[in-house]
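Working notes, beginning with the structure itself.
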Amino acid sequence: MNTLAIIGAQWGDEGKGKITDLLGQHADYVVRFQGGNNAGHTIIVGDKKIVLHQIPSGILHEKCISVIAHGVVFEPEAFMAELTMVKENITVTPDRLRISLNATVITTYHKILDANREGQSKVKIGTTGKGIGPAYEDKIARRAIKIKDLFDKDILETKLTHALEEKAYLFEHVYNAEYPSAKDEAARLYEYGQILKEYVCDTFSLIDRATQDGKKVLFEGAQGILLDIDYGSYPYVTSSSTGAAGIYTGAGVTSGVVNEKLGIVKAYITRVGEGPMPTEIAEEIGDRIQKIGHEFGATTGRRRRCGWLDLPILKYAVKASSITSLALTKVDVLSGLEELKVCYAYEIDGKEYDCAYPGLDLSKATPLYKSIPPFTEDFKKDGEYATELNDYIKLIEDAVDIPVGILAYGPERSQIHFRKNYFQ
Ligand code: GDP
Ligand code: IMO
Ligand code: MG
C-alpha cells in the first residue's frame, strides 16, 4: 500500500489528527486537500498538546513532507502563528512544508462576512467564523485571490478592489461592519507573500511525482462526510468536499491513485454547530460522555454535542466515500458506562431506514436503538478484549461490511492497537 486517505466518517473531530500523526511516521508525504483553519486536529506527544489547523498532521515527523494542496483555503496570518508553534516542537525547513501556488487565500473580508452573517442572519450554521464559506464562494465565483497573487502588489490591489465592488455594499449597508481598504489589505497580504514565498510550489507536480515514484502518500481529510458540501446534512455543512472526491479535485490525483480509504469513526458521535443530530443524548449520560471524552472544539472551544453511535450515518459515510476500513477511536470513553446503546435505523413518517441517505430529513428521524451490554476494558492486551467490546466491534463491522483496522483507546500515541497493516 502506497497511498492512503484519512476520511472523517461522522461530523468531524473523530480523531483524524491522532491517526494521521501515527501513520505519518511511515509516510513520505502527508497532504491536506480541502478545508482550512476551521479544522482542529489534536496530537498528544508526551505532556504536550499540539493542535494543527492548516498544517498537515505529518509535520511532527522529520522525514515526512507536509503538503497544503490547491483545494485548501489558506489563511496566512493564522498559518504563520501555527508554524511558529510547530517550530517550538520540531525543525521545519521549507523543503518539508510545501504550499500550493493555487490554494485560495482567506482575506480579512471573508472573515468579516462570516462573522457578520453568523451574528446577524436568521439561519445560523454555527460556523467556526474563520471565513471558510466566503473564501470558497469567491473561488467558485472565479474571483479568489490565489497564493501566487500574493507576490504581486498590483494584482492584489486590482483583485481586492474588484472584490470590494460588491462586498463594500454588504459591509456598509447590510452588516454595518468596518473593513480595511483594498490598498491596506493588499499591503498586508503582500507582506505575508514575501514570508511565504519559500514554501510555495506547484504541489500538483510534487504529488504526481511522488505517486509515480511509489512514495508513501497519505491524504489527510478535514471535517467529516456529514459536513461535506454535497454529501453532508446541507445546509449545516462546511463549504468543501470533505470525502474522497475532495482528494481528486483538491490535491489533483485520480481516483485510481488512492488505494485505501480509512474512515475515522468515534465509538459514539459528536457534532459542533447547528443542524439535526438524531442520536443526540439529552439525558445526563450525554454530559458524562462529553466530560469523559473532553468534547470541546479544538478550534473554537465550543462544547460538542454528544450522541450514541449512529450506524445509519456510518453506513452512508462508507458508501459516500467508498471507505475500505475503519479506525474506531475513543472506545475508552465508553468503558465503564452502565448503559450502552447503538442506533441501527431511523423511523421517519412510519418507515424504517438503516442508511442515512441524503434524501432523508434527519430532523424528523426517530432513532431506533439496540441496547447492548456495556463493557469495562483496560486495553492492556491487543486483540484480547472483554467479550462485550468484541461484540461492539463486530456489530459495527457487520453493519458496514468492512473491518475495523485500528482501535484507539486514548489520546496518546501509544494508546492504539493496529488490527491491520497500514504503511508499516
Ligand atoms: P480531529 O479533528 O478528527 O483530528 O479530532 P480532534 O482533535 O478535534 O478531537 C479528537 C480529540 O480526542 C482530541 O482531543 C484527541 O486528543 C482525542 N483523542 C483521539 N483519539 C482518542 C482516543 O482514542 N481516546 C481518547 N480518550 N481521546 C482521543
Ligand atoms: P475537524 O477537521 C467539527 C463545522 C462547524 C459548523 C460547520 C460550518 O477538526 O474535524 P465552517 O467554519 O467550516 O464554515 O463551519 O462545520 N466544522 C467542524 N466541526 N470539526 C471540524 O473540523 C469542523 N470544521 C467545521 O462547527 O457546524
Ligand atoms: Mg477537530
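Atoms within a ligand are numbered from 1 in the order they appear, just like the ligands themselves.
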Can [X] be said to touch ligand 1, with heavy atoms closer than 4.0 Å?
| X | value |
| --- | --- |
| Gly8 | no |
| Lys330 | yes |
| Gly12 | no |
| Arg304 | yes |

* Asked: In this structure, which one of Lys111, Gln54, Lys130 forms a side chain to side chain donor-acceptor pair (under 3.5 Å) with Glu75?
  ->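 Of the listed options, the one satisfying the test is Lys111.
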* Asked: With a 4.0 Å cut-off on heavy atoms, is Gly40 touching ligand 2?
  ->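 Distance cut 4.0 Å: Gly40 passes for ligand 2.
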Identify, for [atom], the protein heavy atom at the shortest distance, and state residue, atom and that distance.
| atom | result |
| --- | --- |
| atom 8 (C) of ligand 2 | Val237 O, 3.4 Å |
| atom 3 (C) of ligand 2 | Asp13 OD2, 3.2 Å |
| atom 10 (C) of ligand 1 | Asp13 O, 3.9 Å |
| atom 2 (O) of ligand 1 | Gly40 O, 2.9 Å |
| atom 7 (O) of ligand 1 | Thr42 OG1, 2.6 Å |
| atom 4 (O) of ligand 1 | Gly17 N, 2.8 Å |
| atom 12 (O) of ligand 2 | Thr128 OG1, 2.5 Å |
| atom 20 (N) of ligand 1 | Lys18 CD, 3.6 Å |

Give the numbers and elements of all ligand 2 atoms closer than 4.0 Å to a heavy atom of [X].
| X | answer |
| --- | --- |
| Gly126 | 5 (C), 6 (C), 26 (O), 27 (O) |
| Ala39 | 1 (P), 2 (O), 9 (O), 22 (O) |
| Gly273 | 27 (O) |
| Ala222 | 2 (O) |
| Arg302 | 5 (C), 26 (O) |
| Trp11 | 3 (C), 19 (N) |

* To do: Go through the structure and list residues passing side chain to side chain donor-acceptor pair (under 3.5 Å) with His61, not counting sequence neighbours.
  =>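 Side chain to side chain donor-acceptor pair (under 3.5 Å) list for His61, sorted by chain: Asp21.
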Euclidean distance, [Y] [atom2] relative to [X] [atom1], rounded to 0.5 Å:
| X | Y | atom1 | atom2 | value |
| --- | --- | --- | --- | --- |
| Phe33 | Glu220 | CZ | CD | 8.5 Å |
| Glu295 | Asp287 | CD | CG | 12.5 Å |
| Met80 | Leu196 | CE | CG | 6.0 Å |
| Asp310 | Leu362 | CG | CG | 8.0 Å |
| Tyr268 | Leu334 | OH | CG | 7.0 Å |
| Glu384 | Leu389 | CD | CG | 12.5 Å |

Does ligand 1 come near enough to [X] that some N or O of the ligand is less than 3.5 Å from an N or O of the residue?
| X | result |
| --- | --- |
| Thr329 | no |
| Gly15 | yes |
| Val331 | no |
| Val333 | no |

Could you tell me which atoms of ligand 1, counted from 1 in the order shown, lie closer than 4.0 angstrom to a heavy atom of [X]?
| X | value |
| --- | --- |
| His41 | 1 (P), 2 (O), 4 (O), 7 (O) |
| Tyr409 | 23 (O), 24 (N) |
| Lys16 | 1 (P), 2 (O), 3 (O), 4 (O) |
| Ala408 | 23 (O) |

Would you say the side-chain atoms of [X] pair up with the backbone N or O of [Y], donor to acceptor, closer than 3.5 Å?
| X | Y | answer |
| --- | --- | --- |
| Arg143 | Lys139 | no |
| Lys16 | Gly221 | no |
| Lys18 | Glu412 | yes |
| Thr3 | Asn259 | yes |
| Glu274 | Gly126 | no |

Report yes if some heavy atom in the side chain of [X] is under 4.5 Å from a heavy atom in the side chain of [Y]; otherwise report no.
| X | Y | answer |
| --- | --- | --- |
| Val342 | Trp308 | no |
| Arg419 | Ile393 | yes |
| Asp202 | Asn102 | no |

* Which is it for Asp332 and ligand 1 at heavy atoms under 4.0 Å: side chain, backbone, both or neither? ->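 Only the side chain of Asp332 comes within reach of ligand 1.
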* **ligand 1 contact on Gln223 by region, counting heavy-atom pairs under 4.0 Å** =>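 Within the 4.0 Å criterion, Gln223 makes no contact with ligand 1.
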Minimal non-hydrogen separation, [X] against [Y], with atom names:
| X | Y | result |
| --- | --- | --- |
| Ala244 | Ile7 | N-CD1, 3.8 Å |
| Leu4 | Phe423 | CB-CZ, 3.8 Å |
| Ser100 | Ala69 | CB-C, 3.6 Å |

Ligand 2 to [X] polar contact by distance, N or O atoms, under 3.5 Å:
| X | value |
| --- | --- |
| Thr238 | yes |
| Thr127 | no |
| His41 | yes |
| Val272 | yes |
| Leu227 | no |
| Asn38 | yes |

* Just go through His53, Lys16, Gln223 and tell me whose heavy atom is the nearest to atom 23 (C) of ligand 2. =>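 That would be Gln223.
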* Short check: any N/O/S atom of Gly40 below 2.8 Å from the Mg ion (ligand 3)? ->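 Here the distance criterion (N, O or S atom, under 2.8 Å) is met by Gly40, so yes.
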* Do Asp114 and Thr127 get their side chains close enough for a donor-acceptor pair, meaning under 3.5 Å? ->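 Short answer, yes.
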* Under the ring-ring contact (aromatic ring centres under 6.0 Å, His included) criterion, do Phe204 and His70 qualify, and how do the steps go? -> CA-CA 8 Å; Phe204 175 92; His70 61 256; 7.2 Å; no
* Asked: In Asp13, which N, O or S atom comes closest to the Mg ion (ligand 3)?
  ->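 This turns out to be OD1.
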